[in-house]
Amino acid sequence: MSRYDARSIEPKWQKAWDEAGTFKAVRDPAKPKYYVLEMFPYPSGRIHIGHVRNYTMGDVIARYKLATGHNVLHPMGFDAFGMPAENAAMASGGHPKDWTYGNIDTMVAQMKPLGFGLDWSRMFATCDPEYYGQQQSMFIDFMEKGLVYRKNAVVNWDPVDMTVLANEQVIDGKGWRSGAEVERRELTQWFFKISDFSEELLDALDGLENWPDKVRLMQANWIGKSRGLRFGFDRVDGGEAIEVFTTRPDTLMGASFIGISPDHPIAKELEAANPEIAAFNARCRKGGTTAEAIETAEKLGMDTGLKVKHPLDPSWELPVWIANFILMDYGTGAIFGCPAHDQRDLDFCRKYDLPVIDTFSSLGVERKSDKHGLPVSLDSSPELGSADAYVPPKTERVVYTKPVFGAPREMTGEQAVEETINIAEKQGWGVGLTQYRLRDWGLSRQRYWGCPIPVVHCEACGVVPEKKENLPVRLPDDVSFDQPGNPLDRHPSWAATDCPKCGKPARRETDTMDTFVDSSWYFARFTAPHADTPTVAEDVDYWMNVDQYIGGIEHAILHLLYSRFFARAMHICGHLPKKAIEPFNALFTQGMVTHAIYVTRDDNDRPVYHFPEDVEVTESGARLGATGEAVEVIPSAKMSKSKKNVVDPEDIIRDYGADTARWFVMSDSPPERDVEWTAAGAEAAAKHLSRVWRMADEIAGMAGAGEGDDDLLRATHKAIAEVTAGIEGFQFNSSIAKLYAFANTIQKSKAGAEAKQAAMRVMAQLMSPMTPHLAEEMWARLGGAGLVANADWPKADPAMLVDDSVTLPIQVNGKRRDEITVPKDMPKDEVEALAMATAGVQRALDGKPPKKVIVVPGRIVNVVA
RNA sequence: GCGGGUGUGGCGAAAAUGGUAAACGCACGAGACUUAAAAUCUCGCGUCUUCAAUGACUUACGGGUUCGAUUCCCGUCACCCGCACCA
């Protein structure tokens, strides 16, 4: 008997696939295509077990689709621009390019032994000039189509590193690296006009039926559509009217103040003349931008002394306040406050003693007056004990006691909003407006390691796109990271160029692109990865869309939304066909691989983490192997080097082989859920695979007839049906459970050599997507023709799936009392007679006649006593 | 605060359309083989009834619909995720 030695067998089959070109994708109109893609990795240095799970899922699909007659595209590349490379250069010298390409080499070398069925000939990194040059070319196309523009925007500026920081790099108002107080600085930045597509990106979500609802919902929330009214409040002093936007125009008669943002033009104007206001505004602006800071921040306001007239009653004057909770970049940066129906406005009015006027109340509420002598409902009156504003769902019917439209009436908020908008439009003092939360996509980064924005600043001609024949605008190699700031900016010669338009000396743009740009079209580039245009029509026509996209939920919003925008923009510029404006037909978001954390405490009660191999886990608890100290076990934690709970795929491959790693990460948990890596589980996976190999080996050497060939054949067809259903339905854990059960069945079967060999060959095929190397080895040992990877997927014969007889449980009042085994097509009345005669039923009925008997053919019998 | 999700043995989990709850695996226990161990194989394994099942209970908790509910409906609790001064 030969032992299964993964280390020698796995490379052998990898070479065989390679030589046969099994996974090389070639256009073939005669075959249905299938494009499966996993979100490509950032080349951080090493792959981790999460990558293994992610890519194994894609590989299972790819190999299954190949076996079912599809022409499969399954590529891999690297999302290779970004800050970590620059940080590494700053920390330890060297060049981001060397660091990045070195990491890519390492990771490719780690991925190849895992046996993924990838077309490696299509590999690229986004930092390849060949790739980013095409990206620059598209940027110029986008400029021509008006999809890109420049404007001033406020950024987080680190004055020490002299660079712009992303929000997540600002910690407690300080730069994450320098620790310096971050400033808000206005810079001219490049933007993509994604907001032009707000409505379409929202509407099209409905068509993405094979995306998780959760992701669609997150995107919808992010786009944040709201319907409201925009109108102006005329100033008593005759100055320019203050425009406001509201989603609750139905509460207009409950307005008690106007609030403007500290960044509102009027606030800035007042600032110049009034030091008190200047001080107040400065204080508001200083406030932290973190979520907690915002949540706990006190509502602050300052009366400007300005007054405005109510649009429906010129004699009604309202004060204008500057308030710290009003954002300049949403709506118009100004609101009217209606404290009766908005908790935040109510808090504000209580604090500054402004009136509370309600406009509607819940049905049947008695109306009283508050201390200002104004009518107020029970719902919002502090005097009457309620601390909360009355904010019912807009769909709820309420009584409008003070509506914009004449006499009090009962209606829903939705109806009242629409009616108010209609009135405002008819009377000409306001317009109905749809507002989106989605901002334009700021893509400028004051960084070196990114795609240079291919434009030139000319004194005479202004901003001029580089000529396409001069692309790519390459990053210079001779840069250093020993001083703060953008190396492109301080490079002695790189930025100096000639204006593409007038030929006079000009300066290159030194901003580079957000790395989200790189990942917004790589899926399209994979269809023709080395073409000298961004895409090639025949290739995108044939291969797009991505039939199955697989990746982490952390990309649910930005990456996927940006890609959807990019696909539309590319279509407008002729780089993608219409069908590809939604590039991902199906999306699957996989869970993480987690691992327990082992922690003890030091003298200062700070956590000390331990490697799993240093810990002994027994029933009574976990202890340190060396000292016997008790160890706290935190299960199912995200892997992190600092917590010492990382599993290195290389170790697993060395100890057990790639198939074991692949098998384990696909078993146990459903793929969308997290799976906990345990040493025992990996061990068990390895044992099972060698058991299957032993079975295959023994069965291959068997001869002679046996008993129960037909039963084994039935079991085989059942296994085919179940395993296939599991793969089709993204329930790989179920497929694996069925494969375990099938192995048990074969082992117990006493069938003859031929029958067992046939069953085992099917086993090899069914296992091949998950454990391809073992499957090839089994297939070869059992006399299968060619590579199992190329063999046609077995088909389950429906006739073989139905048993001649069925075992029916017999219930009395819903409790199981007995069972009978009957031919599957036995008439109902005969089944009922047999069921009634069973000992279990007789005992339960105790001689009394049944009230009713329900027979569900092939399922169950229930006797109602 | 708003929105979404999850809750089943010691653990990971499984159960088209409502129809035998706990498949499969881990851990654990017993046994076989062995001088012994490892490996392997066989059997057992939700809880309670001091043993046991042809007994009772059991899918977070409380109700409801139904002949029958892990599945459908209402309510409560816990945990997780996303968004959040968005007018």
Side-chain angles (χ1 to χ4, degrees), chain A residues 3 212-222 224 226 228-230 244-249 251 259 261 287 291 293-299 323-327 329-338 342-345 347-348 391 435-437 553-554 556-557 617 619 635-636 664 667-670 673-676 678-685 687-688 690-691 694 722 725 729 731 733-744 747-748 807-819 839-840 843-844 850-856 858-865:
Chain A
R3 268 199 62 228
D213 289 342
K214 182 185 166 84
V215 173
R216 293 198 282 177
L217 188 71
M218 281 164 75
Q219 293 218 351
N221 290 342
W222 188 260
S226 58
L229 182 73
R230 186 180 165 142
V244 300
F245 174 74
T246 178
T247 56
R248 292 308 297 260
T251 65
S261 163
I294 287 166
E295 192 171 350
T296 51
E298 207 185 341
K299 305 280 174 282
N324 67 341
F325 58 86
I326 299 166
L327 307 174
D329 59 358
Y330 188 81
T332 60
I335 61 155
F336 74 79
C338 178
D342 183 298
Q343 187 61 43
R344 192 192 45 201
D345 292 346
D347 295 343
F348 190 82
V391 193
Q435 187 81 29
Y436 299 90
R437 207 182 71 103
I553 187 74
E554 66 274 20
I557 298 176
V617 182
E619 273 178 277
S636 309
F664 180 81
S667 62
D668 279 353
S669 285
R673 228 180 278 179
D674 292 349
V675 64
E676 171 111 321
T678 62
E683 183 77 31
K687 276 184 190 170
H688 178 72
S690 53
R691 169 182 169 226
R694 259 194 330 274
E722 289 173 339
Q731 294 169 300
N733 56 322
S734 291
S735 289
I736 285 188
K738 302 301 184 188
L739 286 167
Y740 270 107
F742 186 37
N744 293 344
Q747 187 147 33
K748 289 198 173 79
T807 300
L808 300 179
I810 315 295
Q811 295 182 337
V812 177
N813 290 337
K815 287 197 186 350
R816 188 179 173 283
R817 295 297 172 187
D818 216 320
E819 62 179 36
R843 202 179 314 112
K851 289 203 185 96
K852 193 170 164 192
V853 180
I854 293 141
V855 179
V856 185
R859 280 283 181 196
I860 202 166
V861 180
N862 192 13
V863 179
V864 187

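Each chain gets a letter, A, B and so on, in the order its sequence line appears, and its residues count up from 1.
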Tell me the interatomic distance from [X], atom [atom1], to [N], atom [atom2], rounded to whole angstroms.
X	N	atom1	atom2	answer
A/Arg248	B/C2	CZ	C1'	15 Å
A/Asn813	B/U66	CG	P	15 Å
A/Glu722	B/A23	CD	P	15 Å
A/Tyr330	B/C85	OH	C1'	13 Å
A/Ile854	B/U66	CD1	C1'	9 Å
A/Trp222	B/G3	CH2	P	19 Å
A/Asp213	B/G4	CG	C1'	10 Å

With respect to the side chain of [X], which nucleotide from [options] is positioned closest?
X	options	value
A/Ile335	B/G25, B/G55, B/A87	B/A87
A/Asn862	B/A13, B/G68, B/U20	B/G68
A/Leu217	B/G3, B/U20, B/C83	B/G3
A/Gln811	B/G68, B/G3, B/C24	B/G68
A/Leu327	B/G19, B/C86, B/G25	B/C86
A/Asn744	B/A27, B/G25, B/C85	B/G25
A/Lys299	B/A56, B/C85, B/G19	B/C85
A/Pro670	B/U20, B/C57, B/A14	B/A14
A/Ala680	B/A27, B/C67, B/C81	B/A27
A/Phe245	B/G19, B/C67, B/A87	B/A87

Does OP1 or OP2 of [N] have a side-chain N or O of [X] closer than 4.0 Å?
X	N	value
A/Arg216	B/G82	no
A/Asn324	B/C85	no
A/Arg230	B/A87	no
A/Gln731	B/A15	yes
A/Arg437	B/C83	no

Exercise. What dot-bracket string describes RNA chain B from 5' to 3', counting Watson-Crick and G-U wobble pairs whose defining distances are under 3.5 Å, with [ ] for crossing pairs and | for pairs to another strand?
Worked result: (((((((..(((......[....))).(((((.......))))).(((......)))..(((((..]....))))))))))))....

Exercise. Do A/Gln435 and A/Arg230 have a side chain donor and acceptor closer than 3.5 Å?
Worked result: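 Result is no, nothing qualifies.
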
Mind listing the N/O atom pairs, protein and nucleotides 6-12 of chain B, below 3.5 Å?
| residue | atom | partner | partner atom | Å |
| --- | --- | --- | --- | --- |
| B/G12 | O2' | A/Ser669 | OG | 3.1 |

Problem set entry | Contacts of type salt bridge (charged side-chain N to carboxylate O under 4.0 Å, His left out), residue A/Arg248, not counting sequence neighbours |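 A/Arg248 satisfies salt bridge (charged side-chain N to carboxylate O under 4.0 Å, His left out) with A/Asp250 once adjacent residues are dropped.
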
For this session: Could you measure between the two P atoms, the one in B/G62 and the one in B/G19, and give it in whole Å?
Result: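 My reading of the P atoms in B/G62 and B/G19 gives 23 Å.
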
Exercise. Within the modelled atom types, does a donor on one side and an acceptor on the other bring the side chain of A/Arg816 and the base of B/A56 under 3.5 Å apart?
Worked result: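 Donor-acceptor pair under 3.5 Å: no.
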
